[in-house]
Amino acid sequence: MINKLELKKFLIEHESHTIENTEERLLEFVQGTMLNRNDVIDNDDQSHHRQEERLRKQLDVQVHDHHHHLEEIEALNFNPSEVVEPGAVIKVNDRYMVVATADGNFKFDGKDFISISTKAPIYQCMMGKKKGDMCSFNNNNFKIEEIY
């Protein structure tokens, strides 16, 4: 049996840790790329600064995305499910998935998981299905073995 409340807590802690690390990287990056206005700034310096600004914006987007993922996880209902829906944990072809956010692979309680969002095409294939149901995606058949 999978303790979904512990899983939710794990996902929240993981996302919070990711936010903290990404924000630290962003701060370190910003501090390391500041132009000193007392120095002579040539075209090459300005070009590097524009590249660094694009990278900073990408890190900003990552921080924002992870904050959004955290809000989504916190809002999910992790009560027992009988159908594939947000907050459901499903065992499909001997693999575990949690319908939460697109955060990839992780280990929980000694099992390999993948976290998928409701926007994932595989979720669209399985949405609303029950234990024992099948669906096909990318020329692969998926049998829903368990829903928690």
Side-chain angles (χ1 to χ4, degrees), residues 2-81 83-129 135-142 144-148:
I2 294 174
N3 184 331
K4 287 177 67 177
L5 294 179
E6 285 298 314
L7 176 59
K8 181 177 183 176
K9 180 180 171 186
F10 172 86
L11 291 172
I12 289 171
E13 288 172 0
H14 176 74
E15 202 63 43
S16 296
H17 183 68
T18 301
I19 290 168
E20 187 177 297
N21 285 341
T22 307
E23 286 175 340
E24 284 176 14
R25 282 192 355 244
L26 176 60
L27 182 61
E28 288 170 6
F29 181 79
V30 169
Q31 289 173 341
T33 61
M34 302 290 275
L35 286 177
N36 185 344
R37 297 292 177 200
N38 295 328
D39 291 342
V40 175
I41 300 171
D42 61 17
N43 287 339
D44 196 41
D45 291 331
Q46 290 177 354
S47 173
H48 287 290
H49 185 68
R50 283 190 295 275
Q51 289 174 331
E52 291 163 348
E53 185 64 20
R54 283 192 291 275
L55 289 172
R56 187 199 57 77
K57 286 180 182 177
Q58 289 174 347
L59 284 172
D60 253 352
V61 167
Q62 287 179 10
V63 169
H64 175 75
D65 287 348
H66 286 293
H67 275 285
H68 182 69
H69 286 175
L70 180 59
E71 291 170 4
E72 287 179 323
I73 294 166
E74 289 174 335
L76 280 175
N77 177 346
F78 271 70
N79 290 334
S81 301
V83 298
V84 178
E85 62 187 351
V89 173
I90 52 180
K91 184 177 180 186
V92 180
N93 296 2
D94 291 324
R95 297 196 62 200
Y96 290 91
M97 295 181 183
V98 58
V99 182
T101 60
D103 279 336
N105 299 315
F106 62 93
K107 270 199 179 297
F108 174 76
D109 200 27
K111 296 174 179 64
D112 292 322
F113 276 80
I114 184 167
S115 180
I116 62 170
S117 80
T118 56
K119 296 176 182 125
I122 187 72
Y123 174 76
Q124 301 303 314
C125 169
M126 293 188 279
M127 180 175 59
K129 302 271 192 228
C135 74
S136 294
F137 174 72
N138 279 351
N139 297 320
N140 293 304
N141 293 319
F142 296 91
I144 299 169
E145 299 165 8
E146 297 289 336
I147 301 177
Y148 303 94

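Since we're looking at a predicted model, the values are computed, not measured. Below, each value reflects all heavy atoms present in this structure, side chains not excepted, and no hydrogens, waters or symmetry copies.
Minimum interatomic distance between V98 and F78 (heavy atoms only, all atoms of both residues): CG2-CE2, 4.0 Å. Taking each heavy atom of Y123 and P86 in turn, the nearest pair found is OH-CD, 3.4 Å. Between A102 and H69, the shortest heavy-atom distance links the atoms O-CE1, 4.1 Å. The two residues C125 and F137 make their nearest non-hydrogen contact at SG-CB, 4.1 Å. Smallest separation of non-hydrogen atoms from K4 and P80: NZ-CA, 4.1 Å.
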side-chain contact (heavy atoms from CB on, under 4.5 Å) assessment of D109 paired with N3: CA-CA 9 Å; D109 200 27; N3 184 331; over 6 Å; no
For N138 and N140, run side chain to side chain donor-acceptor pair (under 3.5 Å): C-alpha distance rounded to whole Å, both residues' side-chain angles, the deciding distance at 0.1 Å, then the answer. CA-CA 5 Å; N138 279 351; N140 293 304; over 6 Å; no
Give the C-alpha distance, both sets of side-chain angles, the deciding distance and a yes or no for side chain to side chain donor-acceptor pair (under 3.5 Å) between H66 and Q62. CA-CA 6 Å; H66 286 293; Q62 287 179 10; 5.6 Å; no
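Using bins of under 30°, 30° to 60° and over 60° for the plane-to-plane angle, the ring pair F10/H14 lands in the parallel bin. Classification of the F113-F108 ring pair by plane angle, with boundaries at 30° and 60°, yields perpendicular.
Judged by distance alone, with hydrogens and angles left aside, the side-chain atoms of K8 form a donor-acceptor pair with the main-chain N or O of L76 at under 3.5 Å.
Side-chain atoms of H67 and E71 include no donor-acceptor pair closer than 3.5 Å. With 3.5 Å as the limit, one finds no donor-acceptor pair spanning the side chains of H64 and D60.
In this structure, K111 places its NZ atom where more than 12 heavy-atom neighbours from other residues, nucleotides or ligands lie under 6.0 Å away. Counting non-hydrogen atoms of other residues, nucleotides and ligands closer than 6.0 Å to CZ of R95 gives a total of 12 or fewer.
At least one side-chain heavy atom of V84 sits less than 4.5 Å from a side-chain heavy atom of V99.
One finds the CG atom of D103 at 10.0 Å from the CG atom of L70 (value rounded to the nearest 0.5 Å). To the nearest 0.5 Å, the span separating OG on S81 from OH on Y148 amounts to 12.0 Å.
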